**Q** 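Can you keep this structure in mind? I'll have questions shortly.
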Amino acid sequence: MAAKVSHAMQETAKEDLESIITKSFLNLEKIDVDLYRSRELWKPFGGRAVFGGQVVGQALAAAVYSVPDDHHAHSLHCYFLRPGNVKVPILYAVDRTRDGNVYSSRNIKATQEGRAIFTMQASFKTGETDPFHHQFSMPRVPSPEECCDDLTYLIKSFGSEEKFLKSTKGMGYKMYKAQMDTLRRPVENYYSSEPLPAQRYFWIKAAGHMGDDHKLHQCCAAYMSDQLLLGTSVLPYERGAKGSYGRFFMTSVDHSIWFHSQFRADEWLLYEMESPVCGEGRAYMRGRMWTEDGRLVMSVAQEGVLRTKNPDIAASSKSKL
């Protein structure tokens with residue numbers, strides 16, 4: 001039953017992809033030259049602010065409008081300064097820092113109500129070829145066709161769909177439906193409450209067909225790159241009943257991406273994630289995205305706040321961030 005419900009959700013997501021990806025999450029309204037405004041913002045179910053990946057994707061989209069057609073993003077570096085308010089539009093101002101024949105640089109500042117909430121520095125370049133080429137080997141994991149979707153694993157962690165619905169009072173399905181623009185298939189069950197190594201693998205892609213604009217695929221992959229990554233850092237710790245992360249306070253601080261070659265975000269990508277170190281209220285994560293045929297197309301690095309959740313920390317978290 002669980003698999004059938006999940007499949008129906010996925011089919012709905014495929015039908016609605018264009019409106020979700022191009023008309024809302026990554027769509028921007030042009031206000032003036034190099035000045036854009038978000039049309040729709042999304043807050044994860046149970047979250048406290050605009051999803052960080054959406055801000056990354058929208059900021060990159062704003063920068064893309066200012067570069068020549070033959071320039072594609074090869075790296076970006078971001079800082080999350082304040083939580084984004086989902087009820088207030090975000091303004092993205094693009095500074096054309098440098099334009100060169102091969103490389104171009106942009107600085108993007110996102111503001112709400114006159115205050116900066118996010119900054120990004122992005123670099124773009126033209127395509128080129130060179131005889132020097134190497135990469136690591138892709139991890140050996142089951143194919144996406146051999147893996148279940150994450151909702152199925154989540155239900156399995158409760159023992160049955162009935163227990164899942166009863167325990168979460170329907171909240172679990174609402175959480176899953178809230179992000180139907182993306183399909184995810186973990187290679188194993190990471191939703192148990194048992195301590196696990198701080199490393200995991202997910203197959204991930206945008207639902208449906210996104211067209212052939214590689215820049216849009218980069219923006220979408222940037223959006224997806226913030227999913228699941230910070231949560232990797234809590235896998236070694238007891239997470240409470242049925243994998244609940246309620247014991248932790250987590251939020252992203254900075255986020256960097258390197259694009260290595262062209263790819264499609266609407267085809268399965270293996271997202272390899274690990275957290276090499278955690279301490280002093282911070283966790284560091286690394287990620288790699290691989291195509292099914294073994295190409296390493298994107299690398300990610302992120303640092304986030306990770307604290308045990310208690311009344312003293314919860315009361316002071318706003319002033320410390």
Side-chain angles (χ1 to χ4, degrees), residues 16 19-32 34-65 76-95 106-122 171 174-182 219-231 245-246 248-257 281-283 285 302-307 309 311 313-321:
D16 294 341
S19 61
I20 293 174
I21 294 293
T22 64
K23 294 183 179 178
S24 58
F25 286 167
L26 296 179
N27 194 23
L28 298 173
E29 176 187 1
K30 184 175 182 179
I31 304 300
D32 204 340
D34 295 334
L35 182 63
Y36 300 89
R37 177 168 56 198
S38 62
R39 288 184 178 273
E40 182 177 335
L41 296 172
W42 175 68
K43 179 177 70 172
F45 184 81
R48 69 189 188 107
V50 176
F51 174 55
Q54 183 180 16
V55 182
V56 175
Q58 288 185 343
L60 181 58
V64 160
Y65 290 126
L76 59 86
H77 307 278
C78 318
Y79 279 96
F80 297 94
L81 307 178
R82 293 182 176 90
N85 185 345
V86 73
K87 297 180 180 180
V88 179
I90 299 176
L91 293 178
Y92 296 92
V94 179
D95 177 28
R106 298 291 185 266
N107 281 296
I108 306 93
K109 182 178 180 181
T111 61
Q112 281 186 322
E113 299 181 312
R115 298 199 305 171
I117 67 167
F118 171 91
T119 60
M120 172 190 286
Q121 185 171 11
M171 296 298 103
K174 291 182 180 180
M175 186 181 302
Y176 187 83
K177 287 181 179 180
Q179 202 153 347
M180 287 172 56
D181 58 301
T182 305
C219 292
C220 182
Y223 165 74
M224 295 191 302
S225 70
D226 195 34
Q227 297 183 31
L228 306 165
L229 190 57
L230 183 52
Y245 290 171
F248 307 96
F249 174 81
M250 299 186 293
T251 188
S252 302
V253 174
D254 56 19
H255 194 86
S256 295
I257 298 175
R282 293 173 295 139
M285 285 70 59
Q302 183 184 86
E303 190 173 53
V305 172
L306 176 60
R307 303 187 184 116
K309 187 182 286 186
I313 292 177
S316 61
S317 61
K318 183 176 181 180
S319 62
K320 289 183 178 180
L321 289 177

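Everything quoted here is computed from the prediction, not taken from an experiment.
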**Q** Looking only at non-hydrogen atoms, find the nearest pair between L26 and A61 and report the distance.
**A**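 Taking every non-hydrogen atom into account, O-CB, 4.2 Å.
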**Q** When you look at CD of E113, are more than 12 heavy atoms from neighbouring residues, nucleotides or ligands closer to it than 6.0 Å?
**A**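 Not buried by this count: 12 neighbours or fewer within 6.0 Å.
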**Q** Rounded to the nearest 0.5 Å, what's the gap from CD on Q54 to OG on S38? Could you check?
**A**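 Q54 atom CD to S38 atom OG measures 7.5 Å (nearest 0.5 Å).
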**Q** If you define the side chain from C-beta out and look only at heavy atoms, does anything of T119 sit under 4.5 Å from C78?
**A**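 No. Closest side-chain heavy atoms not under 4.5 Å.
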**Q** So, taking the atom named CZ in R82 and the one named OG1 in T111, what distance separates them when rounded to the nearest 0.5 Å?
**A**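 Nearest 0.5 Å value for the CZ-OG1 distance: 10.5 Å.
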**Q** Taking the side chain as C-beta and beyond, is there a heavy-atom pair between N27 and Q58 under 4.5 Å?
**A**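 Answer no - side chains too far apart.
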**Q** Please walk me through it: do F51 and Y223 pass ring pair (Phe, Tyr, Trp, His ring centres under 6.0 Å)?
**A** CA-CA 9 Å; F51 174 55; Y223 165 74; 5.5 Å; yes
**Q** Working to the nearest 0.5 Å, report the span between OH of Y36 and OH of Y65.
**A**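 Here the interatomic distance stands at 6.5 Å.
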**Q** Run the side chain to side chain contact (heavy atoms under 4.5 Å, CB included) test on I117 and I90 for me, step by step, so that the C-alpha distance in whole Å, both residues' side-chain angles and the decisive distance to 0.1 Å come before the verdict.
**A** CA-CA 9 Å; I117 67 167; I90 299 176; 3.8 Å; yes
**Q** Roughly how far, to the nearest 0.5 Å, is CZ of R106 from CG of D95?
**A**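 Reported to 0.5 Å precision, the distance equals 8.5 Å.
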**Q** Taking all non-hydrogen atoms of both residues, which atom of A49 and which atom of K43 are closest, and how far apart?
**A**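 In terms of heavy atoms, the two residues are closest at O-CG, 3.1 Å.
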**Q** Heavy atoms only: give me the nearest V55-V50 pair and the separation to one decimal.
**A**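 Reported closest heavy-atom pair: CG2-CG1, 3.8 Å.
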**Q** Before you tell me yes or no, could you show the steps for Y92 and K109 under side chain to side chain contact (heavy atoms under 4.5 Å, CB included), namely the whole-Å CA-CA distance, both residues' side-chain angles and the distance that decides it to 0.1 Å?
**A** CA-CA 6 Å; Y92 296 92; K109 182 178 180 181; over 6 Å; no
**Q** Do L306 and T251 pass the side chain to side chain contact (heavy atoms under 4.5 Å, CB included) test, and can you show the C-alpha distance, the side-chain angles, and the key distance before you say yes or no?
**A** CA-CA 7 Å; L306 176 60; T251 188; over 6 Å; no
**Q** Looking only at side-chain N and O atoms, does Q302 offer a donor or acceptor that is under 3.5 Å from a partner on D226?
**A**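 Per modelled atom types, D226 and Q302 side chains form a pair under 3.5 Å.
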**Q** Rounded to the nearest 0.5 Å, how far does CD of Q121 lie from OH of Y79?
**A**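 That separation rounds to 10.5 Å.
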**Q** What distance do L60 atom CG and C220 atom SG have between them, rounded to the nearest 0.5 Å?
**A**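 Here the interatomic distance stands at 11.0 Å.
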**Q** Specify the closest pair of heavy atoms between V56 and A222, including all atoms of both residues, with the distance to one decimal.
**A**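 Shortest heavy-atom separation between V56 and A222 comes out as CG1-CB, 3.9 Å.
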**Q** A side-chain contact here means heavy atoms from C-beta on lying under 4.5 Å apart; do R48 and F249 qualify?
**A**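 Yes, side chains in contact.
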**Q** To check you understand the geometry: which heavy-atom pair defines the closest contact between Q112 and L41, and what is its length?
**A**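 Where Q112 meets L41 most closely, the heavy atoms are NE2-CD1, 4.0 Å.
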**Q** Is there a side chain to side chain contact (heavy atoms under 4.5 Å, CB included) between R115 and L81 once you walk through the steps?
**A** CA-CA 10 Å; R115 298 199 305 171; L81 307 178; over 6 Å; no
**Q** With a 4.5 Å limit on heavy-atom distance, are the side chains of L230 and M285 in contact?
**A**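 Yes; the side chains approach each other to less than 4.5 Å.
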